There are 2 protein chains.
Amino acid sequence: MAVDRDHVLRSAAALLTRKATATMDEVAKAAGISRATLHRQFAGRDALVRALESLGIAECVAALDAADLDNGSASDAVRRLVRAIEPAAGLLAFLYTENQLYEGEEINPGWTAIDDRIAALFRRGQLGGEFRIDLTPAWLTEALFGLMASGAWMVQSGKGAPRDFHHMIVGLLLGGALRREES
Amino acid sequence: MAVDRDHVLRSAAALLTRKATATMDEVAKAAGISRATLHRQFAGRDALVRALESLGIAECVAALDAADLDNGSASDAVRRLVRAIEPAAGLLAFLYTENQLYEGEEINPGWTAIDDRIAALFRRGQLGGEFRIDLTPAWLTEALFGLMASGAWMVQSGKGAPRDFHHMIVGLLLGGALRREES
DNA sequence: CGCACGTGAGACAGCGATGTCTCATTCAGG
DNA sequence: CCTGAATGAGACATCGCTGTCTCACGTGCG
């Protein structure tokens, strides 16, 4: 009766997103297993967080692949990307604030690869005259993650509806708050 | 030789923003005082975080007052607000992720008051036809905090210049990534 | 000078979380 | 039925942080 490792990771992600300081015991209970079994799967808390990081990276890469960023307008590519990455938003929101990963200056190269792909999308939009050029691709990438984290927290706290998540992120990221005459 | 309480708080904010799990000993060393003195000033870690929260609220309120949100266009009011709140961005970024404050469901009423004032600004911009109405004031408020946190982290990590902070936040929040024909 | 106050340094116990262990139980497969 | 693998439950030692204490030192002040 092998433990469903993926289920454990997702339960941990859901719990840690709400309470980043949850103990191993709480994580185990949330996954419906004992602390002993949790330790058999993940050598320690650090290993668990690393596994969550790997899961988050994998989901990001999968979303990037699925979004097909090189085709069509950059705006549509952003919309597809947010749509594809939405299920992982909670996990990413947790990882986004877990700067402990960032501490040991041994950043997982997966993140930089993801950042590069998203930044390349924004750069493509800029070169095509679609996006403004006074905001750097690096900032737009960072802002995308920040907005997704904000959106995820807003949904989790009940202050926003899950169905509005995509429009909130994309609407603000692409269009901003100012009203447009045309559009 | 009374300890400079404000200096201790700002040192703690700067450290905790980078490393949210810093120990009391690290906080004390960062402030240049001993752990004993730190404990004399703040009864415990919880009291320290609460003091930081009060400081953050106070700085937000001061910024809101200084920004004079009710005068002029809503866009200009947002610009003034971000300008005024910028010095406290690092502290706010820390508090924004310290959802432990949010845990005990005893949210400091100061935050809701601040949220209300900022949301009222966005609502004023919507009623005046300046801001789009398909994004709720609550979301715009949340996004403002999220973008400020992202911007603060970007500056702290060296990936962005402090001089660009204001333009990054305001430019994206108001205008979005899409290029405009006019303007 | 002498006193009082605040500080730094260190010792100390307490606590919670961690990581490892053992043992009984359960379940699948031979 | 028997066996083995995996799990749950709990005991256990350990570690790091916390909170409190004591004591010595230095500085400002009367």
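Just so you know, these numbers come straight off a predicted model, no measurement behind them. Here is the naming used below: chain letters follow the sequence lines, and residue numbers restart at 1 for every chain.
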Got a list of side-chain donor-acceptor pairs under 3.5 Å for residues 166-176 of chain B, not counting sequence neighbours?
residue: B/H166; atom: ND1; partner: B/R83; partner atom: NH2; Å: 3.4
residue: B/H166; atom: NE2; partner: B/R79; partner atom: O; Å: 3.1
residue: B/H167; atom: NE2; partner: A/D134; partner atom: OD2; Å: 3.0

(Q) Whether B/S34 contacts C/dT7 is assessed here as follows: a side-chain N or O lying under 4.0 Å from the phosphate OP1 or OP2. Is that the case? (A) no
Side-chain donor/acceptor pairs under 3.5 Å, residues 88-95 of chain A, sequence neighbours excluded:
none

(Q) Rounded to whole Å, please give me the gap between CG in A/D46 and P in D/dG16. (A) 15 Å
Q: Could you check how far CZ of B/R40 sits from P of D/dC23, rounded to whole Å?
A: 14 Å
Q. Does A/T37 put a side-chain nitrogen or oxygen below 4.0 Å from OP1 or OP2 of D/dG8?
A. yes
Q | Counterpart residues, ring-ring contact (aromatic ring centres under 6.0 Å, His included), relative to B/F145 (two or more places apart) | A | none
Distance-only criterion, 3.5 Å: show the donor-acceptor pairs between side-chain atoms of residues 28-39 of chain B and protein atoms not counting sequence neighbours.
residue: B/K29; atom: NZ; partner: B/D25; partner atom: OD2; Å: 3.2
residue: B/S34; atom: OG; partner: B/T37; partner atom: N; Å: 3.3
residue: B/S34; atom: OG; partner: B/T37; partner atom: OG1; Å: 3.1

Q: Could you tell me, to 10°, how much the axis swings from one end of the helix from C/dC1-D/dG30 to C/dG30-D/dC1 to the other, five pairs per end?
A: 10°
Q: Apply side-chain hydrogen bond (donor to acceptor under 3.5 Å, both in side chains) to A/S73 and list each qualifying residue two or more places apart in sequence or on a separate chain.
A: A/D76
What pairs of nitrogen or oxygen atoms, one from the protein and one from nucleotides 14-18 of chain C, lie under 3.5 Å apart?
residue: C/dT18; atom: OP1; partner: A/R45; partner atom: NH1; Å: 3.4
residue: C/dT18; atom: OP2; partner: A/M24; partner atom: N; Å: 3.0

Q: Would you kindly give the CG-to-C1' distance between B/L48 and D/dT18, to the nearest whole Å?
A: 13 Å
Q. Have B/T97 and A/Y96 got a donor and an acceptor in their side chains that come within less than 3.5 Å?
A. no
**Q.** Results of side-chain hydrogen bond (donor to acceptor under 3.5 Å, both in side chains) for A/R80 - residues two or more places apart only
**A.** none
Q.
Distance check needed: C/dC21 P versus A/L38 CG, whole Å only.
A. 17 Å
Q. Tell me: CD of A/Q41 to C1' of D/dG8, nearest whole Å?
A. 14 Å
Q: Under the ring-ring contact (aromatic ring centres under 6.0 Å, His included) rule, collect the residues that match up with B/W139, sequence neighbours excluded.
A: none
